[in-house]
There are 2 protein chains.
Amino acid sequence: MATMLEVAKRAGVSKATVSRVLSGNGYVSQETKDRVFHAIEESGYRPNLLARNLATQKTQTLGLVVTNTLYHGVYFSELLFHAARMTEDQGRQLILADGKHSAEEEREAIQYLLDMRCDAIVIYPRFLSVEEMDEIVESHSRPIVVLNRRLRHNSSHSVFCDHKATSQVAVEQLIALGHRDIAFVTGSLDSPTGVERLSGYKEALSRHNIPLRESLIVSGKWTPASGTEAVDTLLARQETFSAIVASNDDMAVGVLRQLHHHGIRIPQQVSVIGFDDIALAPYMIPSLASVRIPVTEMIKETIGRVIFMLDGGEFKIQQRFTGELIPRDSVANGPYA
Amino acid sequence: MATMLEVAKRAGVSKATVSRVLSGNGYVSQETKDRVFHAIEESGYRPNLLARNLATQKTQTLGLVVTNTLYHGVYFSELLFHAARMTEDQGRQLILADGKHSAEEEREAIQYLLDMRCDAIVIYPRFLSVEEMDEIVESHSRPIVVLNRRLRHNSSHSVFCDHKATSQVAVEQLIALGHRDIAFVTGSLDSPTGVERLSGYKEALSRHNIPLRESLIVSGKWTPASGTEAVDTLLARQETFSAIVASNDDMAVGVLRQLHHHGIRIPQQVSVIGFDDIALAPYMIPSLASVRIPVTEMIKETIGRVIFMLDGGEFKIQQRFTGELIPRDSVANGPYA
DNA sequence: TTGTAGGCGTTATCAT
DNA sequence: ATGATAACGCCTACAA
């Protein structure tokens with residue numbers, strides 16, 4: 001590929017002048033400018049960003065780490081959509097690194113982006129512990145921002161959601177409707193989100209003096225398939241219940257399908273609530289209620305601030321989001337709208 | 001940040017030796033190796049990939065450009081999932097550039113990846129014409145591979161699917177079942193895929209001597225919402241029909257929802273078929289038939305070959321995929337399985 | 001086995 | 001207004 005030197009020779013000037021023309025810094029006569037542009041055309045010159053970034057010590061790039069266990073499903077799409085949109089609105093580029101499916105690999109992904117000299121990094125951790133994230137954030141001068149985790153020491157580097165409160169609200173809604181036999185499908189319990197949502201369920205029951213029945217709790221793994229299995233497990237246990245709370249919408253979908261499969265009518269016989277990590281509305285069967293958590297806002301807010309900070313602004317990101325309960329049918333359109 | 005020079009000083013050796021230790025090329029005594037590793041630990045040294053890539057003239061990186069109008073929805077997730085998985089299996093990294101929503105921006109995205117010196121580029125074009133893609137592929141020495149387009153001059157750089165044939169098969173299935181009043185919801189007609197699927201519909205009717213009724217054709221825009229609108233349009237036209245073919249699954253979902261909304265029973269009163277760009281199964285309402293196109297295979301195949309080629313293999317990618325008709329209920333699990 | 005030195009393609013600081 | 005020239009951090013012959 002043509003380099004700057006070739007352009008310079010062709011235009012009969014020095015590299016420095018070509019650089020000036022390209023960057024717009026410094027004075028260059030109109031005449032030489034023209035010659036340079038002409039030479040660029042002729043040679044098909046394209047700047048080498050590696051060289052430029054090396055020289056300038058900045059890459060105009062934002063790194064994003066997400067585990068690929070999230071790649072399926074709408075949550076991730078939404079995250080990426082907003083991240084891409086916002087970074088490019090600022091004339092930057094987004095680089096995605098796969099966190100794959102272990103803490104070690106999430107660490108590597110962060111390291112890669114760091115080694116690539118991204119100006120800042122946003123991570124949605126799935127396997128790295130809060131403690132380690134805290135350490136990582138501290139031990140690097142480059143800004144690292146954490147989504148959906150509450151850091152203890154660097155809380156200003158995190159954006160999180162009160163999953164316990166949201167879950168509690170959801171369950172209390174059911175209680176208010178007269179339900180007392182409420183089954184609960186957990187998410188993966190190695191994730192804080194999963195633990196917090198379960199804890200909100202227990203809290204709600206306890207507050208309303210409803211005895212906890214362990215046999216109404218089934219462990220799921222965030223996937224539709226595990227929602228399906230959860231229903232079978234409950235039926236096999238011969239439990240009676242009038243409502244099921246699934247720890248996310250994906251599992252809720254599985255639950256709905258399986259109830260339908262067994263000829264159980266919704267919501268006449270059993271009510272179902274899921275947590276709306278993101279709007280699944282376009283794909284949903286009506287008559288599922290869901291707790292909507294404004295993830296989109298959370299993301300926008302975060303990326304927006306990170307970028308702001310890169311331009312020299314303040315760095316205060318800590319935010320606390322909660323959710324609202326919405327009946328599924330009221331959702332006219334999903335992310336496509 | 002600590003550089004290689006600092007490590008060298010600390011270990012009492014030259015940069016070259018440190019480089020050898022890191023790359024594993026050349027002889028280094030065990031003793032100095034130890035000293036170097038120790039120095040690396042102490043200084044918290046991390047290689048600067050910009051510098052390394054500049055020096056080696058390779059980035060071990062695969063660029064991917066996709067329009068962000070696809071970011072929502074499962075198709076994109078699947079694409080990204082496999083792309084990420086395959087590139088990292090090969091020890092490479094994936095860089096995603098947003099094609100945004102115009103030909104110009106798709107061009108820019110490609111250019112950016114080229115300027116970043118990605119080893120190869122995969123693009124799923126949405127706005128760039130086949131002709132221009134052909135030109136682009138030709139005018140760059142770096143490998144560029146095109147998904148879902150059939151290039152005329154560089155067909156070995158493309159992987160595509162016979163959308164017309166698939167569509168025709170789908171419609172003929174309905175005809176075989178006795179349907180004659182078959183409505184069709186198109187995709188965006190500025191995309192080849194949209195045009196081809198419509199053309200397959202017409203071909204099927206024509207082959208079976210069923211007169212084409214323009215009023216049974218409604219134009220959609222690939223989204224669930226446009227599927228919803230399509231149903232209303234058909235009803236407003238007071239058309240009679242016993243089946244609806246939607247040009248993709250997203251629209252099919254919208255169609256189903258709206259039929260349901262109007263109290264029309266499926267499939268007793270109206271049958272619905274969609275095109276399974278990707279497995280939406282976990283979210284689907286039973287009793288929708290769908291044409292499954294093995295996009296996943298297509299993607300794997302493509303990325304796999306690109307990577308193979310980077311390692312010095314041949315470069316023969318041209319492939320033609322078709323689809324098979326499957327009833328929705330036979331799909332046990334989606335991408336989560 | 002190790003060190004020296006030149007190069008990768010830019011930017012940026014001086015002079016001129 | 002323009003040209004040398006030294007970084008930027010790493011790799012890689014070529015010597016020693």
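Below, each value reflects all heavy atoms present in this structure, side chains not excepted, and no hydrogens, waters or symmetry copies. In the text below, chain A, chain B and the rest are named by the order of the sequence lines, each starting its count at 1. The structure presented is a predicted model; accordingly, all values stated were derived computationally and were not measured.
Look at CG on B:L5: it is 14 Å from C1' on D:dC11, rounded to the nearest Å. Across the protein-nucleic acid pair, B:L22 atom CG and D:dC10 atom C1' stand 10 Å apart, rounded to whole Å. Straight-line distance from the CG atom of B:L50 to the P atom of D:dC10: 10 Å, rounded to whole Å. Here the C1' atom of nucleotide D:dA1 and the CZ atom of A:R35 are 12 Å apart, to the nearest Å. We find that CZ of B:R20 is positioned 14 Å from P of D:dC14, with the value rounded to whole Å. Between A:D115 atom CG and D:dG9 atom P there is a gap of 14 Å when expressed in whole angstrom units. Distance CD (B:Q57) to C1' (D:dT12): 13 Å, rounded to an integer number of Å. Nucleotide D:dA7 holds its C1' atom 17 Å from the CZ atom of A:R52, rounded to whole Å.
With respect to A:R92 and A:E88, no salt bridge is recorded, no charged nitrogen being found less than 4.0 Å from a carboxylate O.
The listed nucleotides are D:dA4, D:dC10, D:dC8; the one nearest the side chain of B:T3 is D:dC10. Distances from the side chain of A:A55 to the nucleotides D:dT2, D:dC8, D:dC11 place D:dC8 closest.
Contacts of A:R46 with the nucleic acid, taken as non-hydrogen atoms under 4.0 Å apart, involve only primed sugar atoms and P, OP1 or OP2. Within 4.0 Å (heavy atoms only), B:S23 reaches no atom of the nucleic acid at all.
Residues A:S158 and A:S155 bring no donor and acceptor atom of their side chains to less than 3.5 Å of each other. Inspection of the A:S191 and A:S188 side chains reveals no N or O donor paired with an N or O acceptor under 3.5 Å.
Summarising the geometry, atom CD belonging to A:Q60 is positioned 10.0 Å from atom CD1 belonging to A:I307; distances are rounded to the nearest 0.5 Å. Taken from CD1 in B:I136 to CZ in B:R107, the straight-line distance is 6.5 Å, to the nearest 0.5 Å. Of the inter-residue distances, the one linking B:L64 atom CG with B:L113 atom CG reads 8.5 Å to the nearest 0.5 angstrom.
Using modelled atom types, one side-chain atom of A:E106 and one backbone atom of A:F127 make a donor-acceptor pair closer than 3.5 Å.
One finds a side-chain N or O of A:T32 lying less than 4.0 angstrom from the OP1 or OP2 phosphate oxygen of D:dT2. Phosphate contact (OP1/OP2 of D:dG3, side-chain N/O of A:Y27, threshold under 4.0 Å): absent.
Once you apply a 4.0 Å limit to the heavy atoms of chain B, the touched nucleotides of DNA chain C run 5' to 3' over C:dT1 to C:dG9.
Listed by residue number, B:K15, B:A16, B:S19 are the residues of residues 7-19 of chain B with a heavy-atom contact under 4.0 Å to DNA chain D.
Here the options are B:Y71, B:Y124, B:F81, the test is ring pair (Phe, Tyr, Trp, His ring centres under 6.0 Å), and the partner is B:F76; only B:Y71 passes. Each of A:N148, A:D190, A:T67, A:T69 was scored for a side-chain hydrogen bond (donor to acceptor under 3.5 Å, both in side chains) with A:R126, with one residue passing: A:D190. Checking B:R10, B:R35, B:K9 one by one against B:E42, the salt bridge (charged side-chain N to carboxylate O under 4.0 Å, His left out) holds for a single residue, B:R10.
Across the interface with DNA chain C, nearest-nucleotide mapping of B:V28 and A:Y45 shows B:V28 to be the residue nearer the 5′ end.
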